[in-house]
Each structure stands twice: as C-alpha cells, then as structure tokens.
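What follows is a single structure, written as structure tokens, with notes after it.
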Amino acid sequence: MRLIQQNPDIHAYLASSEAIDHWHPVVQETSGTLWSSHADAYSYAEAAFEFVRDTVPHSADSGDPRVAWRASDVLATRNGICYAKAHALVALLRAQGILGALCYQRLADDDGANPVVHGLVALRLPGSTRWSRLDPRGNKPGVDARFDLDQERLAFPVRPELGEIDHPELYAAPHPAVLKALQESADRSRLLRSLPTAL
C-alpha cells in the first residue's frame, strides 16, 4: 500500500499540538531516558515503540476507566486506547526529530459486524524517504505487533472480505472524529460507545 501524506509540508510531522505535546516535561523526560541508552534514530525508534507497546496497557485490556488522549497524560498515567497510545509514540518520535504520523484502519468483528476505526502510527527515519507503519496497541493472545520497518507486523492485518480497510493517509494531527470521541468521553465505557466507525 502506498502511504500518502495528508499534509505536503514534511515539517508538520515534527510539530507539537495539544494532543502530540512533545514539549511537555513528561514526554521530554521519557524521551531523554530512552535516548540515553539508544543513541541512534533506528534503535531509539524501536525502543520508543516497545516502551509504548509494552509499558502502557491498552485500557480495553487493563479495564482502566480513565480516558487519556494527550501524549503526556498517556505516559504519565500509563493508560490509553489505541489512539492515545499512537499519540504517545508519535510524541516520543518527534521529541527526537523523527518524523511521526498518525494513521488508521477500519476493523470489524469476525462476521464483518461492529466496524470501528483503529489507530496506529507511521514513522520516517532521518535520511529516509520511506514511511513505515507500526502498531503500538499492545500485544495479547492473538496479537503480535512488532517493530519492523521493512515488513509490516501490525496488530490487525485487514480482511477486505469483511469490509476492513487500511486507510493510506498519514495525518500530522489526530483525525477530528477520533479527537472528538476522546475529548468528549468521561470514561472508557462511554468512549467505547462513541468510537468512530468510519473516517
């Protein structure tokens, strides 16, 4: 699949925002700690991916009722749904000058019912012209997402026969439908009822 920058300005994929707040002390401290033991872009990106994947439980797995959506809050509370975990990873990438984008899939149950938008990330290392998608959702039985910039190892490969879709767009900021669901949900149960079903 050919990935498409939604914003032609490459600098947009290094920018900070309310959700991707890589200037925040929590993000800076986490980034600095990871960089101190992984002093090149590739190994840092892998460490940041594994940190978010493995140390920030997905709230659907942990049962945590809190809704975090700012990258700094996700890292501080160690809690978040897929979108929030994607925000945290993109912030950690951008904090060290690595281009980071948000991207999405439309997934469904095994019978094609209950479609929902799933969030993941793409990165582009310094000196590279190629974007690679990664999924920091968090592994569990049946889910084995890995850091691989050559061959995608996502949590959920799409099943087109069930109406699932890989959206090719690379977003510099969270999709408005995603951000609205996160910001307007007081707890995880309300968030799960308001997740976008399409972009």
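Looking at heavy atoms from C-beta onward, L99 lies out of side-chain contact with L123 at the 4.5 angstrom threshold. With a 4.5 Å cut-off on side-chain heavy atoms, Y104 and P174 count as touching. With a 4.5 Å cut-off on side-chain heavy atoms, Y13 and Q6 count as touching. Looking at heavy atoms from C-beta onward, Y83 lies in side-chain contact with L195 at the 4.5 angstrom threshold. At least one side-chain heavy atom of T30 sits less than 4.5 Å from a side-chain heavy atom of L92. In this structure, V178 and P196 have side chains that are in contact, with non-hydrogen atoms separated by less than 4.5 Å. Counting heavy atoms from C-beta outward, Q105 and I165 have side chains that stay 4.5 Å or more apart. Within the 4.5 Å cutoff, side-chain heavy atoms of R133 are placed close to those of L154.
Under a 4.0 Å N-O distance rule, the pair R66/D73 does not qualify as a salt bridge. Under a 4.0 Å N-O distance rule, the pair R70/D21 does not qualify as a salt bridge. Salt bridge absent: R106 and E164 never bring a charged side-chain N and a carboxylate O closer than 4.0 Å. Under 4.0 Å is where a charged nitrogen must lie from a carboxylate oxygen, and between D187 and R193 no such pair does. Look at D144 and R146 and you find a salt bridge, because one of the NZ, NE, NH1 or NH2 atoms lies within 4.0 Å of a carboxylate O, short of that distance.
Taken to the nearest 0.5 Å, the CG atom of L162 stands 8.0 Å off from the CG atom of D111. Between R94 atom CZ and L89 atom CG the span is 10.5 Å, to the nearest 0.5 Å. Rounding to the nearest 0.5 angstrom, the gap separating the CG atom in D64 from the OG1 atom in T77 is 7.0 Å. How far SG of C103 is from CE of M1: 7.0 Å, rounded to the nearest 0.5 Å. Distance CG/L107 to CG/N114: 12.0 Å, rounded to 0.5 Å. Atom CG in L182 sits 10.0 Å away from atom CD in E184 (nearest 0.5 Å).
The two residues I98 and Y44 make their nearest non-hydrogen contact at CD1-CD2, 3.7 Å. Taking each heavy atom of A155 and A145 in turn, the nearest pair found is N-CB, 3.7 Å. Scanning all heavy atoms of the two residues, the minimum distance from L14 to H22 falls at O-NE2, 3.0 Å. The nearest pair of heavy atoms linking S194 to S185 is OG-OG, 3.2 Å. Nearest heavy atoms, A41 versus P126: CB-CD, 3.7 Å. In terms of heavy atoms, G32 sits closest to Q96 at N-NE2, 4.3 Å.
A distance-only check finds a donor-acceptor pair linking the side chain of H24 to the backbone of V26 [under 3.5 Å]. Under the 3.5 Å distance criterion, the side-chain polar atoms of D148 are matched with a main-chain donor or acceptor of Q151. Remark: the backbone N or O of C82 is paired with a side-chain donor or acceptor of H58 at under 3.5 angstrom. Put simply, the side chain of H87 gets close to the backbone of W69: a donor and an acceptor are under 3.5 Å apart. The backbone N or O of A95 sits nowhere less than 3.5 Å from a side-chain atom of Q28 that would complete a donor-acceptor pair.
The aromatic rings of F49 and F147 sit tilted relative to each other, their planes meeting at an angle between 30° and 60°.
Connection of W23 to L34 is not established within any shared hydrophobic cluster, with ILVMFWY side chains joined at heavy-atom distances below 4.5 Å, either directly or through further cluster members. Two different hydrophobic clusters hold L120 and V117 under the rule that ILVMFWY side chains link at heavy-atom gaps under 4.5 Å. Connection of L93 to L125 is established within a shared hydrophobic cluster, with ILVMFWY side chains joined at heavy-atom distances below 4.5 Å, either directly or through further cluster members. A single hydrophobic cluster is not seen to contain both V143 and L134; linkage of ILVMFWY side chains at heavy-atom distances under 4.5 Å, directly or through other members, places them apart. Cluster membership for L179 and I81, using ILVMFWY side-chain heavy atoms within less than 4.5 angstrom, is shared.
With sequence neighbours excluded, no residue forms a salt bridge (Lys or Arg N to Asp or Glu O under 4.0 Å) with R53.
Of the options D135, V90, V52, a side chain to side chain contact (heavy atoms under 4.5 Å, CB included) to K85 is made by V52 and by none of the others.
Ring centroid separation for the pair H118 and F156 comes in under the 6.0 Å cut-off.
Atom CD of E29 has 12 or fewer heavy atoms from other residues, nucleotides or ligands within 6.0 Å.
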- [ ] Could you please spell out the steps behind the side chain to side chain contact (heavy atoms under 4.5 Å, CB included) verdict for D61 and R137?
- [x] CA-CA 10 Å; D61 298 338; R137 181 232 178 266; 2.7 Å; yes

